[in-house]
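Letters A, B, ... are given to chains in the order of the sequence lines, protein chains preceding strands, and every chain is numbered from 1. Worth saying up front: this structure is predicted, and the values here are computed from it rather than measured.
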Protein chains: 2
Amino acid sequence: MVLYAGFVAVKITKKPKGSYHHPDLEQALVDAAIRTIGKRSVESLTLRDIGTQLGVSRTAIYRHFEDKSALLARVALEGFRMFRLTLQAALDEARERGVEPIEEMGVAYLGFAMANESHYKTMFGDVFEAHDCYPDLNEEGGAAFEVLLNTVKEEQQAGRIAATQDPLRLAHVLWAAVHGIALLGMSGRLTGTSGSGATLEELSRLHSQIVLTGLRTQRRRRS
Amino acid sequence: MVLYAGFVAVKITKKPKGSYHHPDLEQALVDAAIRTIGKRSVESLTLRDIGTQLGVSRTAIYRHFEDKSALLARVALEGFRMFRLTLQAALDEARERGVEPIEEMGVAYLGFAMANESHYKTMFGDVFEAHDCYPDLNEEGGAAFEVLLNTVKEEQQAGRIAATQDPLRLAHVLWAAVHGIALLGMSGRLTGTSGSGATLEELSRLHSQIVLTGLRTQRRRRS
DNA sequence: ACCTGAACACCGTTCAAGT
DNA sequence: ACCTGAACACCGTTCAAGT
């Protein structure tokens, strides 16, 4: 609805919004930020740089975003959207091929993180921690997480893993493990000279298999 | 040896090194940095600030450290040293009390991380990723990790967990999981409104128990 | 409405100059 | 030897002024 109202507003305006340099400067700013973050890092991204990249003043951004944090929040938002689609695709394919969905989602998670290192760090960085006022960002992040959470619940209901554990806690723990592998992997602490020779994907599969084995063992433990 | 030579040099100097404002400005700079990081964050730490904190010019630091990164590397180094002692103490106590050492080390790991959030982030931040030229930092980090690695090996040799797995891979996976819980926990993604009601310590214990159960199940799996 | 250029208050770092 | 103060090249952000 908001989108439609915006479209009407553009239609009745003589000149399309932002057409002076770009048909949609707002999106161009986000794309340029993502591109720059991908090439370098979040820290090295400057508003001046993306301004000149787009042939625009370095203060033009403030017409579309409140400040730099707001732009980075949008970058993170688009990251979480791609992230959710990636996880969903991995889940669908695992279901189709009849392989372990949780293990495959872990591998897909890791693949996304390693293919978009800086973008991933932006998504999980301290961008929105300072201001906790990006509700749509939390929503998109939650939507991505729910793909995993729902899968855990489905596996429990199908009896393939123990239903004695709280699915939310289980999903949190699985998430944390692959998140940790991704971040330690990015810093080179799991591979190279100090490594075991295993790739990050192999480590992720190893972890999934150990955990799933543990969950299939019905032995009850002290809470 | 280097330390002793430094002491001799001080002794034969009429005026102790750096005594103009501080008996040991170098250590005072590190302490002030750690204190400031603890109160605020790594990003908000400025050389000007710690300079004025110590009643010293903002360029005085360059007499003791090559640049800001070198100071942060020292901060991280001291963090890893404390970290190793914390893990070792947890291990010793677990051995003494006869409880699960890997689970207790995970809890101790998490306790250190959450009690020193910013310092922990400095240790695992991008400080030394840019310059890979802090060999002593990697050494201290490796020493802390080895406490965990050795414990995994000991548990395998004692037959309490499956010896079929590479201990290094196992230790990496255990490390990654608790690292992930710590970082996601710091960003509030595992607790609060979106949380399960479990504390981070409970999540860590849950993970350890699932993994250890999986490792005690001797079933062989495809590599 | 949208964008600009100058200005402001920061930052890390360098360097000639002091004691 | 150790420290300082001015200067340099950055940065995000503000704001009066342009079209």
From CG of B:L29 across to C1' of D:dC3 the rounded distance in Å is 12 Å

Distance check, rounded to the nearest 0.5 Å: B:L71 atom CG versus B:I61 atom CD1?
4.5 Å

Does A:H64 make a side-chain N or O approach to OP1 or OP2 of C:dC2 shorter than 4.0 Å?
no

Return the value, rounded to whole Å, for the distance between atom CG of B:L54 and atom C1' of D:dT4.
16 Å

Base, backbone or nothing for each nucleotide of nucleotides 12-19 of chain C, written B, S, -, heavy atoms under 4.0 angstrom, 5' to 3'?
BBB-----

More than 12 foreign heavy atoms under 6.0 Å from CD of B:E139: is that the case here?
no

Rounded off to whole Å, could you give me the CD1-to-P distance for the A:I61 and C:dT4 pair?
13 Å

Whole-Å distance between D:dC11 P and A:I50 CD1?
12 Å

More than 12 heavy atoms of other groups within 6.0 Å of A:E66 CD:
no

Numerically ordered, the residues 33-41 of chain B set in heavy-atom contact under 4.0 Å with DNA chain C is none

Shortest non-hydrogen contact from B:V42 toward B:S118
CG2-O, 3.7 Å

Return the orientation label for the B:F83 and B:Y120 ring planes: parallel under 30°, perpendicular over 60°, tilted otherwise.
perpendicular

Is the shortest distance from a Lys or Arg side-chain nitrogen in B:R205 or B:E103 to a carboxylate oxygen in the other one below 4.0 Å?
yes

In terms of the angle between their ring planes, are A:H172 and A:F145 parallel, tilted or perpendicular, with boundaries placed at 30° and 60°?
parallel

Would you call A:R95-A:E154 a salt bridge at under 4.0 Å N-O?
yes

Criterion salt bridge (charged side-chain N to carboxylate O under 4.0 Å, His left out) on B:R63 and B:E26, from CA distance to verdict
CA-CA 9 Å; B:R63 286 290 122 198; B:E26 184 171 320; over 6 Å; no

Between the side chains of A:E78 and A:R84, is the shortest nitrogen-to-carboxylate-oxygen separation below 4.0 Å, so that they form an ion pair?
no

Flag the pair A:H179 / A:Y109 as yes when their ring centroid distance falls below 6.0 Å, and as no otherwise.
no

Expected output check: what is the dot-bracket annotation of DNA chain D, where ( ) and [ ] are pairs inside the strand (brackets for crossing ones), | is paired with another strand, and pairs are Watson-Crick or G-U under 3.5 Å?
||.|||||...|||||.||

